[in-house]
Amino acid sequence: MKPFASARPRAMTEALELARAGATVMAGGTDRLGHMKDGIATPDRSVDIHALRQLQSWARVKGNGVSIQSLAALDEL
């Protein structure tokens, strides 16, 4: 596996900054590490967004169904 840097941002602005700079974003359910071990993905930097609370929610949106954030837990849905 190719060496890589990792980051765990605590704020959405920091995560967006890293993503815009070309970092690979990992979230719950992502098998990025497996892809890296298999040589399918070879990022220079990996960003774990698991700590970003604002991405852990879901809500009903009147007239539009449901808004599900990327880290919403399946057992809550």
Hydrophobic cluster membership, V66 vs L74, 4.5 Å side-chain cutoff
yes
S46 to M26 - nearest heavy-atom pair and separation
OG-SD, 3.0 Å
Does the side chain of E76 come within less than 4.5 Å of W58's, by heavy atoms?
yes
To the nearest 0.5 Å, what is the distance between OG1 on T13 and CG on L18?
9.5 Å
Spatial distance of atom CD1 (I49) from atom CG (L16) [nearest 0.5 Å]
9.5 Å
When rounded to the nearest 0.5 angstrom, what distance separates CZ in R8 from NE2 in H50?
9.5 Å
Any chance CD of E17 has more than 12 other-residue heavy atoms, nucleotides or ligands included, within less than 6.0 Å?
no
Indicate every side-chain donor-acceptor pair of residues 34-45 with a distance under 3.5 Å to a residue at least two apart or in another chain.
| unit_1 | atom_1 | unit_2 | atom_2 | d |
| --- | --- | --- | --- | --- |
| D44 | OD1 | K2 | NZ | 2.6 |

Within-4.5 Å side-chain heavy-atom neighbours: T24 and V47
no
Within a strict 4.5 Å, meaning less than it, do heavy atoms of the S57 and L71 side chains meet?
no
Considering all heavy atoms, the nearest Q54-M12 contact
NE2-CB, 3.1 Å
Could you grab the distance from atom OG of S70 to atom CG of L52, nearest 0.5 Å is fine?
8.0 Å
Side-chain (E14) to main-chain (A7) donor-acceptor, under 3.5 angstrom
no
